[in-house]
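Structure, as structure tokens:
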Amino acid sequence: MRKKALLVMLFSALLMALMPVLSASAQRYPLQYGYGFYEKVTGSGTLVVGVVPAGGHPTAPGGLSWTVIVEDSSGQILTSQPGGTNITLHGLPLDTYKVTFTCNIWTYASFFEAKFL
């Protein structure tokens with residue numbers, strides 16, 4: 001009986017420890033015009049954005065086209081990088097930042113992550 005109770009307590013503690021990590025996912029919002037999406041990230045310090053694009057035109061080589069844009073809550077663009085895959089912004093004040101991935105019709109993000117370190 002003691003082993004069972006101890007096992008249940010350990011499992012409960014593990015579940016409670018992992019719950020914030022599992023539930024902390026950013027929501028993506030589709031762009032009103034064009035192709036792509038944006039996420040809103042709140043924090044301060046160093047913002048890191050990672051993108052892995054995929055797709056391409058079915059008959060023409062290449063065809064991947066995308067831009068990553070980071071804006072603060074007032075709408076000021078902090079960076080806009082065409083073809084950006086790894087973006088790091090240091091020393092940002094506490095704010096909610098909008099990170100946008102825009103692309104053409106043949107491109108999508110197979111991986112996208114924006115977070116504060």
Side-chain angles (χ1 to χ4, degrees):
M1 187 67 173
R2 287 178 103 183
K3 280 187 177 182
K4 204 176 214 180
L6 184 61
L7 192 60
V8 168
M9 287 188 342
L10 286 174
F11 181 73
S12 297
L14 179 64
L15 188 62
M16 292 170 81
L18 289 178
M19 191 61 78
V21 174
L22 296 175
S23 64
S25 61
Q27 183 171 351
R28 291 186 179 169
Y29 301 95
L31 296 178
Q32 187 174 3
Y33 302 104
Y35 300 96
F37 58 88
Y38 68 91
E39 290 183 2
K40 291 192 174 185
V41 183
T42 301
S44 64
T46 301
L47 176 63
V48 177
V49 181
V51 178
V52 177
H57 191 275
T59 59
L64 294 178
S65 175
W66 73 97
T67 301
V68 178
I69 303 165
V70 179
E71 302 173 53
D72 63 12
S73 61
S74 67
Q76 179 183 356
I77 295 176
L78 304 177
T79 186
S80 176
Q81 295 189 10
T85 55
N86 295 305
I87 299 167
T88 304
L89 298 173
H90 299 282
L92 296 176
L94 180 60
D95 200 354
T96 298
Y97 297 90
K98 180 179 176 182
V99 183
T100 306
F101 175 83
T102 63
C103 57
N104 65 12
I105 192 170
W106 299 292
T107 307
Y108 66 95
S110 64
F111 174 81
F112 181 90
E113 184 177 44
K115 66 178 183 178
F116 279 94
L117 298 179

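Below, all heavy atoms of this structure are taken into account, side chains as well, without hydrogens, waters or symmetry copies. These figures come from a predicted structure and were not determined experimentally.
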Interatomic spacing from CG in L78 to NZ in K98 - rounded to 0.5 Å: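 Result: 12.5 Å between the selected atoms.
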Value rounded to 0.5 Å, distance of OG1 in T102 from CD1 in I69: 5.0 Å
On a heavy-atom basis, which atom in [X] and which in [Y] lie closest, and how many Å separate them?
X    : Y    : result
S44  : P93  : CB-C, 3.7 Å
T100 : E71  : OG1-OE2, 4.3 Å
A54  : L64  : O-CD2, 3.4 Å
E39  : R28  : OE2-NE, 3.0 Å
S65  : T107 : N-OG1, 3.1 Å

Results of side chain to side chain donor-acceptor pair (under 3.5 Å) for S73 - residues two or more places apart only: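 Side chain to side chain donor-acceptor pair (under 3.5 Å) check on S73 returns D95.
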Side chain to side chain donor-acceptor pair (under 3.5 Å) partners for T67, two or more places apart: none
By ring-ring contact (aromatic ring centres under 6.0 Å, His included) - contacts of Y29 (at least two apart): Y38
Qualifying residues under ring-ring contact (aromatic ring centres under 6.0 Å, His included), relative to F37, sequence neighbours excluded: F101, F112
Just list the side-chain donor-acceptor pairs under 3.5 Å for residues 82-89, sequence neighbours left out, or say none.
none

ILVMFWY cluster, V41 and L92 together (side-chain gap under 4.5 Å): yes
Ring pair (Phe, Tyr, Trp, His ring centres under 6.0 Å) contacts touching residues 72-100 (sequence neighbours left out):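 Every ring pair (Phe, Tyr, Trp, His ring centres under 6.0 Å) pair that includes a residue of residues 72-100, provided the two are not neighbours, is Y97-F116.
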